[in-house]
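Notes for the one structure printed next.
Computed over heavy atoms, backbone and side chain alike; hydrogens, waters and symmetry mates excluded. Ligands are counted one by one from 1 in listed order, and the atoms in each one are counted from 1 as well.
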Amino acid sequence: MKLILLGTSGSAGMPQIGGPDGRGDWGKTDPSEPRNRRTRASAVFQTTENKYILIDTAPELRLQLTACGIPRIDALIYTHTHADHVSGMDDIRILNRLMGGAMPAYATADVWEELKHRFGYVFRPITGSFYSRPVLRDHTIIAGQEIEIEGVVVKTMGQDHGFSRTLGLRTGNMAYCIDLVRMDDAQKAALQGLDLLVIDCFSMSKDHPTHAGLPTVLNWVEELRPARTVLTHMGPEMDYATLRAALPPGVEPGYDGMVLEVAG
Ligand SMILES: [Zn+2]
């Protein structure tokens, strides 16, 4: 199994719009380090049978898939409905054309309710065979449920994202936990024995109201002891080289296009 990080930034992307010359605000990061250029957080599970399960549709979805050499998508999971995780929705129509059908998509009932309000047109079946717009086939799941997608068992877990809830995902001994600020005992129990943890880490010091900061993440690592931890959803304080030098063994910053492989 592989986990491919399509995008590793916070909700504004890196660099953010602005900066002294209008060519981007790099925050505390080094503009000359290519790994500090980040698109919005999204990832793909690539199965041993070369099936591709997409997690969220970031605004840069087309750029991300083409940059990472991902030729198609077989199924989709939404973690939650914040704009940085859903705004690439319209690129799904090209994926529909490639698969010749509606995209199987998995999310909780509250996510579907919100997406049906904002993107009602993607839930209507298409007449004819040409996908002029995206079409999803929605499957409702409950946080904590185990689902089988494309021959792979994915364990979902409810997460505390400050003012809302999100889904964390585990398959085998790898987990992808995006957009969370606190972790309850049920989630900690579900994250035992990991070879790989990809985890939300927005800031260097204190927690953001909806995202964990580095001290909180390092406490989780201490407690859960995953073999390898990779940080994602990084904000403008998170400089690649600074993190690389400062993080303890087994913990590293992610970057767009990073391919993570776990046996089994
Ligand atoms: Zn969010």
Side-chain angles (χ1 to χ4, degrees), residues 3 5-17 27 38-45 53-61 63-64 76-92 105-119 122 136 138 140-144 154 156-170 175-184 186-187 190-191 197-217 220 229-238 253-256:
L3 179 57
L5 303 185
L6 302 185
T8 55
S9 85
S11 61
M14 276 299 289
Q16 299 185 12
I17 295 171
R38 303 175 183 126
T39 58
R40 266 54 77 92
S42 172
V44 163
F45 285 130
I53 303 167
L54 176 64
I55 308 165
D56 295 330
T57 53
E60 300 94 343
L61 180 59
L63 300 173
Q64 293 173 332
L76 165 64
I77 305 171
Y78 277 115
T79 60
H80 65 305
T81 61
H82 284 161
D84 51 323
H85 295 260
V86 303
S87 297
M89 179 75 82
D90 286 292
D91 283 343
I92 291 174
Y106 299 79
T108 55
D110 56 325
V111 165
W112 287 135
E113 187 185 340
E114 173 72 15
L115 292 182
K116 283 175 183 175
H117 176 65
R118 282 157 61 188
F119 298 94
V122 312
L136 294 187
D138 54 310
T140 302
I141 56 177
I142 296 165
V154 179
T156 65
M157 55 201 103
Q159 298 182 146
D160 180 349
H161 188 22
F163 309 107
S164 60
R165 304 284 295 171
T166 57
L167 272 190
L169 305 168
R170 174 177 182 158
Y176 181 78
C177 296
I178 196 85
D179 288 50
L180 76 165
V181 60
R182 280 171 292 273
M183 214 182 257
D184 62 20
Q187 183 167 21
L191 293 176
L197 172 64
V198 176
I199 186 87
D200 182 358
C201 188
F202 182 75
S203 47
M204 286 299 279
S205 51
K206 66 178 187 352
D207 294 342
H208 177 276
T210 57
H211 296 277
L214 185 56
T216 296
V217 169
W220 290 338
T229 301
V230 175
L231 311 182
T232 189
H233 208 291
M234 290 174 285
E237 295 177 356
M238 304 289 277
Y255 54 87
D256 287 21

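In terms of distance to the Zn ion (ligand 1), the nearest N, O or S atom of D179 is named OD2.
Checking D207 against T216 by side-chain atom types alone, a donor-acceptor pair falls below 3.5 Å. In this model, no donor atom of one side chain and acceptor atom of the other lie less than 3.5 Å apart for S42 and D56.
The Zn ion (ligand 1) has no N, O or S atom of H85 under 2.8 Å away, backbone or side chain. When distances to the Zn ion (ligand 1) are checked against a cut-off of 2.8 Å, D84 contributes no N, O or S atom below that limit.
The only option from L191, T232, L180 that meets the side chain to side chain contact (heavy atoms under 4.5 Å, CB included) definition with I199 turns out to be L180.
Atom NE2 of H80 sits about 11.0 Å away from atom CG of L115, to the nearest 0.5 Å.
The NE2 atom of H80 and the ND1 atom of H82 meet at the Zn ion (ligand 1) at an angle of about 100°, given to 10°.
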